[in-house]
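Just below is one structure, and these are the notes that go with it.
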Amino acid sequence: MDIQAALQSEDPAQMVSCNQLYIDGRWQAAARGGTFDVINPATERLLAKVAAATREDVDAAVRAARAQFDSGPWSKMSGAERGKLLYRLAELMERDQAYLAKLETLNLGRPLMEPTVLDVPNAIATVRYFAGWADKIEGRTIPTPGYFGAPTLSYTVREPIGVVGAITPWNTPAMIACWKLAPALAAGCTMVLKPAEEAPLTTLYLARLIEEAGFPPGVFNVVPGIGEVAGAALSRHPDIDKLSFTGSPEVGRLIMRDAAEGFKRVALELGGKSPQIILADANLEAAVGGCAMGLFFNQGQVCAAGTRVLVHRSRYDQVLQALSAAAEGVKLGDPLDPTTNMGSLVSKRQLERVSGYVDAGVQAGATVVAGGKRLDRPGYFFRPTIFGQADNDMRIAQEEIFGPVGLVMPFDEVDEAIRLANGTRYGLAATIWTRDVSAAHMIASKVRVGAVGINGWAPIDPRLPWGGSKTSGIGRELGWAGIEAVTEEKVITAVL
Ligand code: NAD
């Protein structure tokens with residue numbers, strides 16, 4: 001089957017070697033022969049049976065990655081050569097972008113437009129951006145006063161950190177896989193990646209493209225599997241040098257504990273409960289449109305989702321009404337229908353989680369002003385939901401729901417807005433809507449988050465560092481910070 005046929009087919013997942021793992025440049029069944037089911041959440045039908053890696057497979061993948069890093073052709077390749085391979089990968093992704101987007105939609109139940117215009121182009125841009133860095137990872141020369149009277153030459157080299165173990169979530173799997181693999185491979189590391197069990201298909205397809213691009217075997221390995229089995233085997237593996245994790249704080253904590261054992265480097269990209277602050281002078285049309293996107297994009301299953309909308313009291317009723325109208329106007333349904341603007345949640349578990357939080361909000365005294373229930377049809381569809389009368393101390397304001405659920409809360413003074421914005425354990429992103437330039441920058445300087453959008457929700461770009469403070473994580477991906485995260489600086493001093 002070719003890509004065009006796959007795009008038309010009833011079973012496009014046939015292009016992916018679902019029942020095999022990609023280890024040491026070979027597609028192979030899991031050592032114990034196990035598989036797990038991947039469901040199309042918009043239909044509740046089986047999409048694929050995917051090979052389930054266990055400890056033996058993770059071991060084999062780490063061995064392959066280690067051998068290639070220590071002494072394979074990869075270890076001798078120049079940065080320019082690594083960059084060329086990454087550019088080739090970006091071209092192949094571009095060739096198959098429609099397919100990648102469709103696969104993501106089938107696996108996640110999200111409208112096809114979203115991966116088509118955002119995730120897949122961002123993933124491609126990320127690979128290209130880091131391809132450009134591959135031959136520009138330089139050291140420094142540092143003037144020093146000398147050594148017992150003799151002059152010295154001190155310089156640094158930035159070396160790849162080694163074998164990177166990557167564990168990714170299900171919400172934007174292709175994009176996050178590229179956020180991890182592109183800097184690591186650009187810097188000369190090797191990688192073993194475990195995608196989330198809900199959505200491993202695009203990562204497996206990326207492995208096919210990596211193979212086609214001509215990367216040496218063992219440079220990039222994919223071991224789909226259950227978190228507690230394959231994920232835990234990877235995070236506990238003694239021969240991994242760095243763990244790069246994106247997911248929930250609960251699992252992030254386990255990863256960090258595992259990393260402590262062998263002093264592995266660790267990068268954690270965790271959740272969020274991001275505020276969107278609307279000042280009295282904001283352009284309300286733009287603010288409401290941006291807040292609705294921040295709430296409902298990808299069914300709200302976004303780490304940077306702007307779930308707490310803080311509005312100056314003078315505009316509160318207007319914003320509540322307009323956001324409710326925006327929620328009511330969302331067309332839910334078949335994610336492959338181009339007129340659909342919201343699809344299903346990723347799983348039954350996620351649907352139950354979101355419904356449970358909505359019930360908790362009602363019990364706590366908040367008022368549902370739009371949505372609040374699932375659709376009565378197959379698939380895990382949940383209506384976009386807006387809460388009024390909510391309080392920042394409620395569980396729905398403090399805990400990450402990871403669904404299309406937003407709270408609108410009033411404030412009187414800017415200081416109060418900042419206090420509310422900072423009043424959760426998270427610190428990933430914040431958005432500020434105002435025409436007052438100095439107020440915007442003043443608030444931006446006081447919110448404890450990794451990224452601030454002014455008059456625009458969570459702009460992401462491979463050139464901009466991404467990551468959180470507090471419980472939202474440790475470390476930064478993307479930008480030059482993405483290269484620093486997978487390299488170590490060695491200092492060399494010659495006494496002349
Ligand atoms: P999750 O933590 O349940 O799972 C993430 C990954 O960890 C999966 O691959 C899973 O299989 C694996 N895993 C589970 N248990 C494990 C264990 N014991 N040891 C090792 N690995 C294990 O998260 P999720 O539900 O897939 O994703 C949603 C979460 O991810 C949300 O909290 C969201 O905010 C966060 N997220 C953060 C960012 C960011 O950039 N900060 C981006 C996307 C998602």
Side-chain angles (χ1 to χ4, degrees), residues 36 38 41 50 52-55 58 107-108 119 122 126 165-180 192-200 203 222-237 240 243-259 261 264 266-274 297-307 345-347 349-354 357 399-403 424-429 449-451 458 460 464-478 481-482 485:
F36 60 94
V38 172
V50 171
T54 54
R55 196 162 52 78
V58 170
N107 204 162
L108 288 161
D119 301 46
N122 179 292
T126 300
I167 300 179
T168 53
W170 46 260
N171 63 330
T172 50
M175 188 174 88
I176 292 179
C178 290
W179 287 13
K180 297 197 185 300
V192 178
L193 192 156
K194 194 212 82 70
E197 45 272 55
E198 293 86 348
T203 308
V222 179
V223 286
I226 304 305
E228 292 80 358
V229 181
L234 189 58
S235 69
R236 290 181 194 150
H237 201 290
I240 291 281
L243 282 167
S244 178
F245 172 77
T246 300
S248 61
E250 292 70 28
V251 178
R253 192 170 285 124
L254 297 177
I255 302 278
M256 201 163 171
R257 235 174 252 157
D258 291 342
E261 190 57 38
K264 292 185 188 91
V266 65
L268 304 174
E269 300 285 348
L270 309 174
K273 196 73 198 173
S274 299
F297 187 80
N298 199 9
Q299 293 68 239
Q301 301 166 133
V302 178
C303 53
T307 47
L345 299 176
V346 75
S347 63
R349 195 174 123 216
Q350 198 62 18
L351 179 72
E352 287 165 359
R353 177 187 169 100
V354 173
Y357 271 111
E399 296 177 18
E400 188 180 41
I401 300 175
F402 226 52
T424 74
R425 65 176 177 147
Y426 291 107
L428 187 58
V449 299
I460 47 168
L464 303 175
W466 180 256
S469 49
K470 303 195 284 184
T471 301
S472 290
I474 294 176
R476 294 291 180 269
E477 301 190 295
L478 304 181

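The analysis underlying the following values was restricted to heavy atoms, covering all of them including side chains, and did not include hydrogens, waters or symmetry mates. One-based numbering, in listed order, for ligands and for the atoms of each.
An N or O contact shorter than 3.5 Å is missing between Thr246 and ligand 1 by distance. For Glu198, no nitrogen or oxygen atom sits less than 3.5 Å from a nitrogen or oxygen atom of ligand 1, counting backbone and side chain alike. Here's the thing with Glu400: one of its N/O atoms is less than 3.5 angstrom from an N/O atom of ligand 1. Taking any N or O of Trp179, backbone or side chain, none lies under 3.5 Å from an N or O belonging to ligand 1. Considering backbone and side-chain atoms alike, Lys194 places an N or O below 3.5 Å from some N or O of ligand 1.
Summary of contacts: the protein heavy atom closest to atom 8 (C) of ligand 1 is Thr168 O, 3.3 Å. Remark: minimum distance from atom 39 (C) of ligand 1 to any protein heavy atom is reached at Cys303 SG, 3.2 Å. For atom 10 (C) of ligand 1, the closest non-hydrogen atom on the protein side is Glu197 OE1, 3.6 Å. Nearest protein heavy-atom neighbour of atom 20 (C) of ligand 1: Gly231 C, 3.2 Å. Given atom 18 (N) of ligand 1, the protein heavy atom at minimum distance is Leu254 CD1, 3.6 Å. For atom 24 (P) of ligand 1, the closest heavy atom belonging to the protein is Trp170 NE1, 3.3 Å. Ser248 N, 3.5 Å is the protein heavy atom nearest to atom 23 (O) of ligand 1. When only non-hydrogen protein atoms are considered, atom 37 (C) of ligand 1 lies nearest to Leu270 O, 2.9 Å.
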- Message: side chain to side chain contact (heavy atoms under 4.5 Å, CB included) for Ile401 and Thr307? Distances and angles first, verdict last.
- Response: CA-CA 9 Å; Ile401 300 175; Thr307 47; over 6 Å; no
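No side-chain heavy atom of Val449 sits under 4.5 Å from any side-chain heavy atom of Ser472. Looking at Ile176 and Asn171, their side chains come closer than 4.5 Å, going by heavy atoms from C-beta outward. Using a 4.5 Å cut-off on side-chain heavy atoms (C-beta onward), Met256 and Ile474 make contact. The shortest distance between side-chain heavy atoms of Leu108 and Pro173 falls below 4.5 Å. With contacts defined as side-chain heavy-atom distances shorter than 4.5 Å, the pair Phe36/Pro200 qualifies. With a 4.5 Å cut-off on side-chain heavy atoms, Phe402 and Pro169 do not count as touching. For the pair Pro249 and Arg425, the minimum side-chain heavy-atom distance is below 4.5 Å. When side chains are defined from C-beta on, Leu428 counts as touching Trp466, because their heavy atoms get closer than 4.5 Å.
In the candidate list Val251, Ile226, Val229, Val251 is nearest to atom 22 (C) of ligand 1, counting heavy atoms. Taking each of Phe245, Phe402, Trp466, Tyr426 in turn, the one with a heavy atom nearest to atom 28 (C) of ligand 1 proves to be Phe402. Taking all heavy atoms of Ala196, Gly247, Pro169 into account, the minimum distance to atom 29 (C) of ligand 1 is reached by Gly247.
Near Ile255, with a cut-off below 4.0 Å to any heavy atom, the atoms of ligand 1 are 20 (C). Every atom of ligand 1 with a heavy atom of Ile176 under 4.0 Å away is listed here by number and element: 42 (C), 43 (C). Taking every heavy atom of Asn171 and a limit of under 4.0 angstrom, the matching atoms of ligand 1 come to 43 (C), 44 (C).
Note that CG of Leu464 is 13.5 Å distant from CD of Glu477, once rounded to the nearest 0.5 Å.
Contact between Thr172 and ligand 1 is absent, with no heavy atom of the residue lying under 4.0 Å from the ligand.
In this structure, atom 32 (O) of ligand 1 has protein heavy atoms in its sub-4.0 angstrom surroundings.
Under the side-chain contact (heavy atoms from CB on, under 4.5 Å) test applied with Trp179, the options Thr172, Thr246, Thr168, Ile460 reduce to a single match, Ile460.
A donor-acceptor pair shorter than 3.5 Å cannot be found between the side chains of Thr424 and Lys273.
The main-chain N or O of Gly468 is found under 3.5 Å from a side-chain atom of Arg476 such that the two form a donor-acceptor pair.
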